[in-house]
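One structure is given here, and the rest of the page talks about it.
Everything quoted here is computed from the prediction, not taken from an experiment.
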Amino acid sequence: MLTKPQLLQAYTTMRTIREFEERLHTEFASGDIPGFVHLYAGEEAAATGVCMHLGDHDCIASTHRGHGHCIAKGMDVHAMMAEIWGKRTGVCHGKGGSMHVADLSIGMMGANGIVGGGGPLICGAALAAKRKGNKGVGVCFFGDGASNQGAIFEAMNLASVWQLPAIFVAENNGYAEATSSTWSVAGGSIADRASGCGMPGVQVDGFDFFAVYEAAGTAIRRAREGGGPSLIEVKFMRFFGHFEGDQQTYRAPGEVQKLRETSDCLRQFAARVTKSGEITWAELEQRDREARALIDEAVRRAKADPKPAAADLLTDVYVSY
Amino acid sequence: MLTKPQLLQAYTTMRTIREFEERLHTEFASGDIPGFVHLYAGEEAAATGVCMHLGDHDCIASTHRGHGHCIAKGMDVHAMMAEIWGKRTGVCHGKGGSMHVADLSIGMMGANGIVGGGGPLICGAALAAKRKGNKGVGVCFFGDGASNQGAIFEAMNLASVWQLPAIFVAENNGYAEATSSTWSVAGGSIADRASGCGMPGVQVDGFDFFAVYEAAGTAIRRAREGGGPSLIEVKFMRFFGHFEGDQQTYRAPGEVQKLRETSDCLRQFAARVTKSGEITWAELEQRDREARALIDEAVRRAKADPKPAAADLLTDVYVSY
Amino acid sequence: MARKITFRQAIHEALVQEMTRDPTVIVMGEDNAGGMGAPGEQDAWGGVLGVTKGLYHQFPGRVLDTPISEAAFIGAAIGAAACGLRPVAELMFIDFMGVCLDQILNQAAKFKYMFGGKAKTPVVIRTMIGAGLRAAAQHSQCLYSLFTHVPGLKVVIPSTPYDAKGLLIESIRDNDPVIFCEHKLLYGLEGDVPEESYIVPFGEASVVREGDDVTVVALARMVHFAQQAADALQRKGIHCEVIDPRTTSPLDEDTILESVEKTGRLVVVDESNPRCSMASDIAGLVAQRAFKALKAPIEQVTAPHTPAPFSDVLEDLYVPSPAKIEAAVTRVREYR
Amino acid sequence: MARKITFRQAIHEALVQEMTRDPTVIVMGEDNAGGMGAPGEQDAWGGVLGVTKGLYHQFPGRVLDTPISEAAFIGAAIGAAACGLRPVAELMFIDFMGVCLDQILNQAAKFKYMFGGKAKTPVVIRTMIGAGLRAAAQHSQCLYSLFTHVPGLKVVIPSTPYDAKGLLIESIRDNDPVIFCEHKLLYGLEGDVPEESYIVPFGEASVVREGDDVTVVALARMVHFAQQAADALQRKGIHCEVIDPRTTSPLDEDTILESVEKTGRLVVVDESNPRCSMASDIAGLVAQRAFKALKAPIEQVTAPHTPAPFSDVLEDLYVPSPAKIEAAVTRVREYR
Ligand SMILES: Cc1ncc(C[n+]2csc(CCOP(=O)(O)OP(=O)(O)O)c2C)c(N)n1
Ligand SMILES: Cc1ncc(C[n+]2csc(CCOP(=O)(O)OP(=O)(O)O)c2C)c(N)n1
Ligand SMILES: [Mg+2]
Ligand SMILES: [Mg+2]
């Protein structure tokens, strides 16, 4: 049901995220990037499949692993890159960094350094949309680890009690740091926690863009129509470590390599749309080149951009004080 | 399967709680009792049906509505009464009051002024029992309102992940303050939240001592045998307001009167055991008189007891400082 | 100005006037109406102390009861504020900050800074502080010092009905997150309150009594105790200048410093526990910035470093008393 | 005393020695082993910075990984402490206190008092503090001032490997709840640490340098910055007495007061935000109790009243620097 431009858009978004993250991985290794960086590679279908349904008056709350959500929600990649480098041209003027990229003007309420922190916030966004009557929705992305935080449970229950247009997207990438979600999520299924909060919950294959896209569409439509919140558990695995520098000895030998070969949302997407004849390999490859060029340019500019000025330290604490 | 002494013990415990609370209701109205007092009348079968299975090496964590749990766990009623009056002879030397009655020596980890606060604590008690290998269990009592606190959810999940000998007893008495549990518990059932945390969950009629007793027995046995945690949702309604002074206009007219007539755990218990011939009315009435005398004496002594001394203000903050 | 209403009514009135003026103002909290889903009266409670009673019917859809999920609903208020509403959320007792602090400390307080200035979070968190109700250790704390420590938050502590109304209106109109602290023993206090809407600005202390001998800075209920002490001292010929900062963040440093420049002596009265408190904060400020004027040690009159006890006799000793303030003023006055 | 190990190793060694000595000591926290339920290595992490690495195999069953549920597992550690164990729980970053504060503030800290003395809660909460890792606003706070405000808690802030080991052993043996703060930029610091077990008692400041001109009180990483400043000042003929309180609760008031009696001048260096901080706490203490000796205003050198910025240039300005300490000392030294 997706048009060709939509398909190309989905692919471009996923590819841009992938390029962004692969590039950060390289740049981090060269010691150039400060702080903690958590990469989203492998999980592109989730952010993309969900955010394709959203407009600027829809909000998302993101996580420490937020680059993919930002790009899918339409954030400028140079402004992101500059932020991650701590430059004044960054989307947060270098004050936030990777863990706090945010752009409220496009409904991106911020990556979040606090696991589970976005759940309550998205209830607020959904509440605001409901009061404004603009049919907007709020989407909370959170991890399998975050699913064990009280704030996420409370937020799901509150969204249900208030019948908010909220969608909870559990990105179950198998691990929270070095801990397996099969161990930390008692009961084994995040989706099963939905019914205890009075909302529908489904599980989808997160390497399959179309599965995510459809589940998200259903949930978001329901929310827009006043049907209340839903939970979607997206199952996949990340391609990199928890953060850059993670030795990943908790993973099985060859685990990631195998994933990259057999469970790559971009490959799966490409295979499907070329097989169906909707899109040619050449068209995709052109997107690949464009994405690479976009990221190259973003990195080049970010590196050259100026750092914040000393006076910036004391500004932006309050609107007035 | 309960012996006659056990039946009489159950009845005595429930009657003692009832007398304790009815008397506090009267005393509070006369303006004599300081602070907030939350009465347990109507809910006696829960505390009693659960605690009958427990010994001193088993721990319970209680709530702001804690008198019933204390009595069922074997706390001295005069020491409780004196505590509620703020007297030096109180179980906490007058420093805690109704919301903080506690006696760790009998495994009573305290009433709690923080809704949901006991969930994490009981995980600790259960963990300690598990490490000591003494087959002890931890029981967390919490309300329907508390079931929406993140701490309770986190504790249930943690208990499951660690396979702790913990039992979560949700006392769904219909209201959290003035809010109906049908509104605040999205999904409608607290018991249904158990599966999302990987544990069995059951619902029982809280006016029926025997139903609670059996469900608790099953769960506690499972826990002692290493089978991990369970959740029991006990459904009933309180006979008094949220706290003393509550006008209760949120309740239906005649609601409480009807409850007292049709849904009183003591009446139901009495009817059943006299009908079965296990116990006579006279035996029960004797227990009633004894309970009344016990409470009379506790109140009399509590009133006459001395208040704390000024020097007590500064003691008991630290073991050493 | 002749109309007298209570502190509780003043807060209620501020809410009514702001909700009337601005449709983006909403109110939420546990039983702020009361009776949700229950068979009896809707709006059965109006909050645990009745402050919001009536708003539910007056402003349909704009008074939201909540489950007992402070992290979720305080966070929701914050999120809604970032998305264009002006929520007034009630944290029933400030003692409950422990279950929702993250949303205040790491989200609301930091959005604007972390996001490079591109955020506005006009949320008000109304909350009850203080001892005196025999509510024991978990329902009697002040804790505003903790919030004052946190950059990005504003902290408001009214001591009179007049200030309560004007400061709450200002809090609602303010574009930063505000912690609005209501002392539980002040709700019944009556005072002159204009019917019309007005604001009391942040960062402007109120000099509730002028005097040349000793500066007494006091907050919330302690303002009244300081006044009582000052009355008694006046009869002994000692003239206190009593200052109520009204907001601890921002703090009106100038008024305090100028007063100490005049008196050379300072007593700070704070119902909080003493360590890292507003008492020490103000003492530290003056020891740095008005040192030359100081003629005596700075005395801090606070609760002791203990939790709040339950028993009435102990609680009365726990809370700083007019007598203790009087003694402290006398000490600094007589210091040579 | 010739053996040099890092701060990180010193903490690890304290844990090993206490776990060996006392079977009731257990360790818990997120990925304190690492790899639970995963296909690869067990004990894959040893905490986010590897501090507990190895304990999992050395002490079977006594190192517990946890879900990301700080309220539950910090509370469980507290409950277990009340039931006879001596848990050492890791709160990965002190910034996360917002999701579990209630268990610390209202449970652990108050049990003993609320229960009339009849409780003992020997829990240690190890947590990481401080800026400098470009970890931005939600992972760079000090926040120990908040815990110091709370009666019933003890707060420990080591600045050297030697103190880290001795204070952690003391913390584990102590019978009250202890917040043990590890500055993230100190883990790599090397220093002399005896192999055998020893304790550093609470409430005893360390005079890390003696001097007659100005007293400098500093905490955690700031102790080293104060030393650097003192080195530079010494070359100019100004002699600082540098005091590291090591524990902020209890605080060794006497050592600080005696030093100020001697020097008459005080600079407090605290990486915290300034309001209601340890800086103001110590300033307030001295302004009350050593006033007579004071010859100059008390200077507080702290982070500004802003969240921690991400960008390296800003973060370096945010953290108090040796140069700022030097300037403050010079100001109070030259004050007339
Ligand atoms: C409240 C809180 N606890 C712990 C952390 C440290 N931490 C950061 S990310 C992370 C793992 C999160 O796992 P998950 O939610 O599955 O997200 P993923 O990293 O897999 O995307 C942890 C423990 C934190 N940032 N906040
Ligand atoms: C964290 C927290 N939030 C709010 C309160 C105020 N409060 C005390 S009891 C109560 C209602 C509790 O309802 P429930 O859990 O159903 O227990 P019940 O009173 O019905 O026994 C509330 C909201 C509190 N004490 N702690
Ligand atoms: Mg994960
Ligand atoms: Mg209830």
Side-chain angles (χ1 to χ4, degrees), chain A residues 33-36 83-88 90 92-100 112-117 143-151 174-186 242-243 246-253 255 307-310 312-317 321, chain D residues 29-50 53 65-73 75 92-93 95-100 102 132-141 273 303-319:
Chain A
I33 297 177
F36 296 112
E83 186 58 36
I84 292 166
W85 252 270
K87 298 303 179 71
R88 200 174 192 192
C92 305
H93 301 327
K95 287 180 166 175
S98 167
M99 262 191 298
H100 307 297
N112 211 313
I114 303 299
V115 166
D144 47 284
S147 80
N148 301 317
Q149 271 283 343
Y175 301 100
E177 295 185 351
T179 299
S180 169
S181 61
T182 58
W183 182 82
S184 73
V185 179
H242 170 63
F243 44 28
D246 178 6
Q247 296 308 310
Q248 304 187 67
T249 59
Y250 50 88
R251 303 185 86 158
E255 180 180 309
K307 292 199 171 178
D312 294 344
L313 176 65
L314 301 179
T315 59
D316 299 331
V317 185
Y321 197 63
Chain D
E30 288 155 20
D31 292 301
N32 269 9
M36 286 301 129
E41 189 190 7
Q42 288 201 302
D43 196 28
W45 269 33
V48 74
L49 293 182
K53 178 89 178 166
D65 274 1
T66 72
I68 310 177
S69 309
E70 285 86 357
F73 81 77
M92 194 184 295
F93 289 79
D95 312 68
F96 306 163
M97 70 184 281
V99 300
C100 60
D102 181 68
L133 268 194
R134 323 312 183 195
Q138 294 174 341
H139 288 72
S140 304
Q141 298 168 87
N273 297 116
H305 186 64
T306 76
F310 167 65
S311 187
D312 53 359
V313 288
L314 296 182
E315 194 184 35
D316 291 342
L317 290 169
Y318 171 87
V319 177

Q: Select one option (side chain, backbone, both, neither) describing which atoms of E315(D) are under 4.5 Å from chain A's heavy atoms.
A: neither

Q) How long is the gap from CG on D31(D) to OG on S184(A), to the nearest 0.5 Å? A) 9.5 Å

**Q.** Interchain contact, A135(D) with chain A, by part (heavy-atom threshold 4.5 Å)
**A.** both

Q. With chain A, which of G34(D), G37(D), G98(D), A33(D) has the greatest number of heavy-atom pairs at distances under 4.5 Å?
A. G37(D)

Q) Could you walk me through whether Q138(D) and M99(A) pass the side chain to side chain contact (heavy atoms under 4.5 Å, CB included) check? A) CA-CA 9 Å; Q138(D) 294 174 341; M99(A) 262 191 298; 5.9 Å; no

Q. Shortest non-hydrogen contact from D65(D) to W183(A)?
A. O-CH2, 3.2 Å

Q) Out of N112(A), T315(A), D316(A), which one racks up the most heavy-atom pairs below 4.5 Å with chain D? A) N112(A)

Q: Just give me the residue among V185(A), T182(A), D246(A) that pairs up with chain D most often, heavy atom to heavy atom, under 4.5 Å.
A: D246(A)

Q: Check each atom of A186(A) against the heavy atoms of chain D and say whether the ones under 4.5 Å are side chain, backbone, both or neither.
A: neither

(Q) Taking side chain as everything from C-beta outward and backbone as N, CA, C, O, which of these in T179(A) sits under 4.5 Å from a heavy atom of chain D? Side chain, backbone, both or neither. (A) both

**Q.** Distance in Å, I68(D) CD1 paired with D144(A) CG, rounded so as to fall on 0.5 Å steps
**A.** 7.5 Å

Q) Which atom names give the shortest non-hydrogen contact between R251(A) and P39(D), and what distance separates them? A) C-CG, 4.1 Å

(Q) Distance check, rounded to the nearest 0.5 Å: I114(A) atom CD1 versus H139(D) atom NE2? (A) 5.5 Å

**Q.** Toward chain D, the part of I33(A) with a non-hydrogen atom under 4.5 Å
**A.** neither

Q. Q247(A) versus chain D, heavy atoms under 4.5 Å apart: side chain, backbone, both or neither?
A. neither

Can I get a per-line list of side-chain donor-acceptor pairs under 3.5 Å for residues 306-314 of chain D, giving both atom names and the distance, sequence neighbours left out?
unit_1  : atom_1 : unit_2  : atom_2 : d
S311(D) : OG     : G86(A)  : O      : 2.7
D312(D) : OD1    : K307(A) : NZ     : 3.1
D312(D) : OD2    : K307(A) : NZ     : 2.8

Q.
Looking at chain D, which one of P308(A), S98(A), G117(A) has the largest number of heavy-atom pairs inside 4.5 Å, strictly under?
A. P308(A)

Q | Test ring-ring contact (aromatic ring centres under 6.0 Å, His included) applied to H93(A) - qualifying residues, sequence neighbours left out | A | none

Q. Which one, A137(D), A72(D), A136(D), A38(D), leads in non-hydrogen pairs under 4.5 Å with chain A?
A. A38(D)

Q | Top contributor to chain D interface from A178(A), S180(A), A151(A) [non-hydrogen pairs under 4.5 Å] | A | A178(A)

Q) Do the rings of W45(D) and Y250(A) sit parallel, tilted or perpendicular, given the 30° and 60° boundaries? A) perpendicular

Q. Roughly how far, to the nearest 0.5 Å, is the CE atom of M92(D) from the CD atom of E177(A)?
A. 4.0 Å

Q.
Under a 4.5 Å cutoff for heavy-atom pairs, which residue among E70(D), M36(D), E41(D) has the most contacts with chain A?
A. M36(D)

Q | chain D contacts, top residue of V115(A), T249(A), V317(A) (heavy-atom pairs, under 4.5 Å) | A | T249(A)

